[in-house]
Number of protein chains: 2
Amino acid sequence: MSLQHGILGLLSYKSMSGYDLNKVFNESINHFWSAQLSQIYRVLGNLEDKGYVSSQVEHQEGRPDKKIYSITDEGKKEFRNWMNDNPEQLLSPIRDEFMIRIFFSSLLPKEETIFQLERYNKQAQELLKHCHSEDQVIDKYAEELSLPNDKLYWRLTLKKGKMITEALVRWSEECIEELKQAQKEHQK
Amino acid sequence: MSLQHGILGLLSYKSMSGYDLNKVFNESINHFWSAQLSQIYRVLGNLEDKGYVSSQVEHQEGRPDKKIYSITDEGKKEFRNWMNDNPEQLLSPIRDEFMIRIFFSSLLPKEETIFQLERYNKQAQELLKHCHSEDQVIDKYAEELSLPNDKLYWRLTLKKGKMITEALVRWSEECIEELKQAQKEHQK
DNA sequence: CTCCTATATATAACAAGTTATATATCAACT
DNA sequence: AGTTGATATATAACTTGTTATATATAGGAG
């Protein structure tokens, strides 16, 4: 449901091809929704079947033709309805594979767990850096699409991405310290 | 893949029925993995087909018989292999429906968004409270299963749950303040 | 001159997750 | 007496998400 509505929302800003949508997802929606290209194409097909989007083919020299999707009035209505209808449970379910690994880490030597936590920490720091660079992406899009009112909300989602990622960086650091401490205690 | 291995891990602690596994998930694995009962049953079936678990039926008076699953040597091997084989990307993809709603909130009056953020905040605080009560659950399980070495790691996953949830509480509070501020500016 | 990357769309096969439903018993509440 | 909730297992139908693959062109790196 959500990916469908995320795509409808983006198409309400601007008509785009599946390929373009994928770029927008990878560039900016990344902190709160990830999608595979193949899934985007399928969802676009579903949305067209339902009449929420329409498509026109744009011929391109030297490259495959572009299929540009536009939101229909039906689609706009559906999107508005979805926006007005918040679910009971607002927190999304969590599924974090790495935590399963940590949970059962008594099976592994502490050095191995510390090593993986260090990798985790590095990746979280990378993501945090990426988040910080997104501020400019927001400015760019807001100007390109002349949507100054949306900037505020886009920044709120980015802020959430930053805060969560900072928490992950801190968490992994504290874990590493705790495990090193536990190692020392054991050596005594 | 992860749910399968999470279940194998839990069964390596103790043989259990699908119903019991569900309770453990809801009680304690909750901060990092959520699963539906129906999915647990299906995964147990898959694991049995692969020979990773075996089941014995335990007769019960007055209630349907219990089907108790135990991990096999094959299953233990598979679980160890999985534990030793960490993926390149350790950070899990994020899919947060509420953020899609926030992203497009310029469509709605600010009061409505503030209202939903307040609901979000309340739910996050509830979850945080629940996390704090989990400390005792960890103690209980560690004693019941006599697994003192695992407690350390269980606490690390719980700590992550707490830190993330605290970040969500703070994030939603800051969002509410920002929106109220923006409302005031507009009124001037 | 070949390989890689970017542009561009799409499908097949599979894996994972959700929702609804069926069956059955017992205890507690109304 | 009837409903609800907990105990207990399971399947069907559906939706969503992942991985692999096919096709086709252009430009740049090696």
Side-chain angles (χ1 to χ4, degrees), chain A residues 1-8 15-27 29-30 32-50 52-53 55-69 82 87-89 92-97 100, chain B residues 1-8 15-27 29-30 32-50 52-53 55-69 82 87-89 92-97 100:
Chain A
M1 291 286 110
S2 304
L3 179 56
Q4 259 171 82
H5 293 100
I7 287 176
L8 283 180
S15 296
M16 276 182 272
S17 69
Y19 196 81
D20 294 334
L21 277 164
N22 188 52
K23 267 192 290 181
V24 175
F25 267 90
N26 289 336
E27 259 183 62
I29 311 285
N30 229 331
F32 57 90
W33 205 273
S34 73
Q36 234 66 38
L37 226 193
S38 66
Q39 211 192 339
I40 290 173
Y41 280 117
R42 184 176 44 185
V43 168
L44 282 170
N46 295 157
L47 289 171
E48 201 168 18
D49 290 346
K50 289 182 195 160
Y52 295 157
V53 303
S55 62
Q56 312 92 264
V57 174
E58 191 181 276
H59 183 65
Q60 292 195 122
E61 294 292 323
R63 284 186 209 155
D65 291 348
K66 247 186 169 179
K67 200 166 169 187
I68 294 179
Y69 291 89
W82 181 79
E88 280 288 295
Q89 257 304 121
S92 52
I94 307 157
R95 260 175 225 108
D96 191 336
E97 180 180 321
I100 301 186
Chain B
M1 288 286 108
S2 303
L3 179 56
Q4 259 171 83
H5 293 99
I7 287 176
L8 284 179
S15 295
M16 276 182 273
S17 68
Y19 196 81
D20 294 333
L21 277 165
N22 188 52
K23 268 191 288 182
V24 175
F25 267 90
N26 290 336
E27 259 182 63
I29 311 282
N30 228 332
F32 57 91
W33 206 273
S34 71
Q36 236 64 38
L37 226 193
S38 65
Q39 210 191 339
I40 290 174
Y41 280 117
R42 184 175 44 185
V43 167
L44 281 170
N46 295 157
L47 289 172
E48 199 168 20
D49 290 344
K50 289 183 195 160
Y52 295 156
V53 303
S55 62
Q56 312 92 266
V57 173
E58 191 181 274
H59 183 66
Q60 293 194 122
E61 294 293 323
R63 285 189 210 154
D65 291 348
K66 246 187 171 180
K67 200 166 169 187
I68 293 178
Y69 290 90
W82 180 80
E88 280 287 295
Q89 258 304 120
S92 52
I94 309 154
R95 261 178 222 107
D96 190 337
E97 180 180 321
I100 301 187

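By convention in this document, chain letters (A, B, ...) are assigned in the order of the sequence lines, proteins followed by strands, and residues within each chain are numbered from 1.
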Practice item. Please state whether the phosphate of C:dA6, meaning OP1 or OP2, lies under 4.0 angstrom from any side-chain nitrogen or oxygen of A:K23. Key: no

**Study point:** Rounded interatomic separation in angstrom, taking CG from A:D49 and P from D:dT15
**Key:** 12 Å

Point to revise | Side chains of A:K67 and A:Q56, donor plus acceptor under 3.5 Å | key: no

Review point. Closest to the A:L37 side chain: C:dT9, D:dT9, C:dA10?
Key: C:dT9

Practice item. May I have the distance from A:M16 (atom CE) to C:dT7 (atom P), rounded to whole angstrom? Key: 15 Å

Show each protein N/O and nucleotides 16-18 of chain D N/O combination with a separation under 3.5 Å, one pair to a line.
residue : atom : partner : partner atom : Å
D:dT16  : OP1  : A:M1    : N            : 2.1
D:dT16  : OP2  : A:Q4    : NE2          : 3.3
D:dG17  : OP2  : A:Q39   : NE2          : 2.5
D:dG17  : O5'  : A:Q39   : NE2          : 3.2
D:dG17  : O3'  : B:R95   : NH2          : 3.1
D:dG17  : N7   : A:R42   : NH2          : 2.3
D:dG17  : O6   : A:R42   : NH1          : 3.0
D:dT18  : OP1  : B:R95   : NH2          : 3.0
D:dT18  : OP2  : A:Q36   : OE1          : 2.9
D:dT18  : OP2  : B:R95   : NH2          : 3.2

Check your understanding: Do B:K66 and B:V57 pass the side-chain contact (heavy atoms from CB on, under 4.5 Å) test, and can you show the C-alpha distance, the side-chain angles, and the key distance before you say yes or no?
Key -> CA-CA 6 Å; B:K66 246 187 171 180; B:V57 173; over 6 Å; no

Check your understanding: A:L44 has an atom CG; how far is it from atom P of C:dA10, in whole Å?
Key -> 9 Å

**Study point:** Euclidean distance, atom NZ of residue A:K66 to atom P of D:dA24 [Å, nearest integer]
**Key:** 21 Å

Practice item. May I ask you to evaluate whether B:Y41 reaches the phosphate of D:dA10, defined as a side-chain N or O under 4.0 Å from OP1 or OP2? Key: no

Practice item. May I have the distance from B:E88 (atom CD) to D:dT19 (atom P), rounded to whole angstrom? Key: 13 Å

Practice item. Round to a whole Å and report the spacing from CD1 of B:I40 to C1' of C:dT19. Key: 15 Å

**Study point:** Under 4.0 angstrom between B:Y19 side-chain N/O and D:dT9 OP1 or OP2
**Key:** no

Check your understanding: Without hydrogens or angle criteria, can the side chains of A:R95 and B:S92 be said to hold a donor-acceptor pair below 3.5 Å?
Key -> no

**Study point:** Heavy-atom check, side chain of B:Q4 versus side chain of B:K50, under 4.5 Å
**Key:** yes

Practice item. Give the rounded distance in Å between these two atoms: CD of B:Q56 and P of D:dT9. Key: 13 Å

